[in-house]
Amino acid sequence: MRLVHRARRRPPSLGRSPPPSTPRHRLVERAVELAGVHLHDLAAARARVEPGTISAPLREETGPVRTFTWSSDRPFHPERLYDALEELVDKSARGKGTVWLATQPQARLGWDSFGTNISIGVLGRWLADLPADRWPEVSGSHRARSALEWHPEHGDRASYLSFTGVGLDVWELERRLNGCVLRADEEVRSLTDPFAPYLEGSTAA
């Protein structure tokens with residue numbers, strides 16, 4: 001995805017911005033620096049629009065809007081996750097992340113939700129299934145996360161999600177997500193995959 005920024009035209013009455021060499025320009029730069037304001041962070045902007053990525057809050061949230069991040073190194077049980085979809089997005093305005101589904105072991109799935117509208121699709125293959133010369137095909141953020149959290153048995157396979165909304169019950173959301181994870185005593189071959197019809201034709205090349 002390409003991030004396009006279109007600057008608004010400045011009203012004529014405001015005049016032109018001072019050139020970088022003027023004292024006024026340096027004074028504005030210093031004021032921005034002291035205030036801790038970042039006018040634009042390209043890396044952060046790319047992470048926000050890159051499918052499958054999540055970002056945790058940079059500071060403690062005290063207002064009504066909260067962001068909750070969750071991760072698991074075990075796959076989702078497809079039926080329990082499917083049945084819980086409505087409850088998981090009930091009070092969230094935005095959700096995104098990467099999904100490891102027990103019945104889709106080769107596919108790295110992406111979660112993208114706005115309100116109660118949810119999109120789950122194939123992002124590609126897991127690094128663990130790719131030869132090293134194809135790793136550059138996978139997003140830089142996923143490769144960086146995998147380098148830190150690589151599992152000795154299943155490599156980069158994991159689920160990590162973030163939800164943002166007003167009045168989120170993070171404890172209930174965490175409980176529901178944990179309940180959707182495949183338990184150690186459950187066998188994958190006996191599971192029914194309700195996501196399969198929606199993912200049909202979207203193969204991980």
Side-chain angles (χ1 to χ4, degrees), residues 1 3 41-60 67-82 84-85 88-89 92 94-113 118-164 170-171 173-191 193 195-196 198-199 202-205:
M1 182 177 289
L3 181 64
D41 186 332
L42 183 58
R46 284 175 176 167
R48 284 193 293 270
V49 299
E50 189 175 277
T53 61
I54 67 171
S55 56
L58 298 178
R59 64 191 68 179
E60 184 178 358
T67 295
F68 167 71
T69 60
W70 175 90
S71 63
S72 175
D73 61 0
R74 292 192 58 80
F76 276 116
H77 185 292
E79 293 171 279
R80 287 202 294 272
L81 177 62
Y82 187 84
L85 288 177
L88 290 174
V89 299
S92 72
R94 181 77 170 97
K96 63 182 306 189
T98 291
V99 171
W100 175 19
L101 202 60
T103 46
Q104 303 281 341
Q106 305 302 319
R108 185 166 61 93
L109 304 178
W111 174 298
D112 203 6
S113 61
I118 309 170
S119 174
I120 296 178
V122 177
L123 296 175
R125 293 174 63 184
W126 300 100
L127 291 174
D129 296 333
L130 289 174
D133 61 350
R134 290 189 58 186
W135 282 25
E137 299 174 10
V138 180
S139 69
S141 60
H142 180 74
R143 281 184 280 131
R145 186 183 188 101
S146 300
L148 297 173
E149 302 178 1
W150 191 269
H151 193 279
E153 294 181 10
H154 46 254
D156 58 320
R157 285 182 173 85
S159 294
Y160 41 92
L161 299 168
S162 72
F163 296 93
T164 300
V170 297
W171 304 111
L173 192 52
E174 182 177 31
R175 186 190 69 81
R176 289 185 180 277
L177 286 167
N178 289 340
C180 293
V181 172
L182 187 74
R183 296 190 298 267
D185 61 343
E186 293 177 311
E187 295 186 359
V188 177
R189 61 187 176 185
S190 64
L191 302 179
D193 187 356
F195 292 95
Y198 303 98
L199 300 174
S202 300
T203 58

Item to complete: Determine, stepwise, if the pair Leu161 / Leu88 fulfils side chain to side chain contact (heavy atoms under 4.5 Å, CB included).
Response: CA-CA 11 Å; Leu161 299 168; Leu88 290 174; over 6 Å; no

Spacing of [X] atom [atom1] and [Y] atom [atom2] [to the nearest 0.5 Å]:
X      : Y      : atom1 : atom2 : result
Cys180 : Arg175 : SG    : CZ    : 9.5 Å
Phe163 : Leu173 : CZ    : CG    : 5.5 Å
Tyr82  : Phe76  : OH    : CZ    : 16.0 Å
Leu109 : Thr98  : CG    : OG1   : 8.5 Å
Ile120 : Asp112 : CD1   : CG    : 10.0 Å
Leu177 : Phe68  : CG    : CZ    : 6.0 Å

Fill in: Residues which pass side chain to side chain donor-acceptor pair (under 3.5 Å) with Ser159, listed by chain and number, not counting sequence neighbours
none

Item to complete: For Ser146, enumerate each residue passing the side chain to side chain donor-acceptor pair (under 3.5 Å) test, keeping only those at least two apart in sequence or located in another chain.
Response: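 In terms of side chain to side chain donor-acceptor pair (under 3.5 Å), with neighbours along the sequence ignored, Ser146 is linked to His142.
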
Fill in: Side chains of Trp111 and Ser113, donor plus acceptor under 3.5 Å
yes

Those residues that, when tested against [X], pass side-chain contact (heavy atoms from CB on, under 4.5 Å) (two or more places apart):
X      : result
Asp193 : Pro78, Leu101, Thr103, Gln104, Phe195, Ala196
Pro131 : Asp133, Arg134
Arg143 : Leu127, Trp135, Val138

I need the minimum non-hydrogen distance between [X] and [Y], along with the two atoms involved.
X      : Y      : result
Val188 : Ala102 : CG1-O, 3.4 Å
Pro136 : Ala132 : CD-O, 3.9 Å
His77  : Leu191 : NE2-CD2, 3.2 Å
Ser162 : Thr69  : CB-CG2, 3.9 Å

Practice prompt. Spell out, as yes or no, whether a donor-acceptor pair under 3.5 Å connects the side chain of Arg94 to the backbone of Thr164.
Written response: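 Checked: no pair found.
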
Worksheet item: What residue pairs, at least two apart or across chains, pass salt bridge (Lys or Arg N to Asp or Glu O under 4.0 Å) with a residue in residues 148-160?
Response: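 For residues 148-160: Asp129-Arg157, Arg145-Glu149.
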
Worksheet item: Which residue pairs pass the salt bridge (Lys or Arg N to Asp or Glu O under 4.0 Å) test with at least one member in residues 180-190, sequence neighbours excluded?
Response: Arg80-Glu186, Arg183-Asp185, Arg183-Glu186, Glu187-Arg189

Worksheet entry | Counterpart residues, ring-ring contact (aromatic ring centres under 6.0 Å, His included), relative to His154 (two or more places apart) | Trp100, His151

Discussion item. Applying salt bridge (Lys or Arg N to Asp or Glu O under 4.0 Å), can you list everything that pairs with Asp73, at least two apart in sequence or on another chain?
Written reply: none

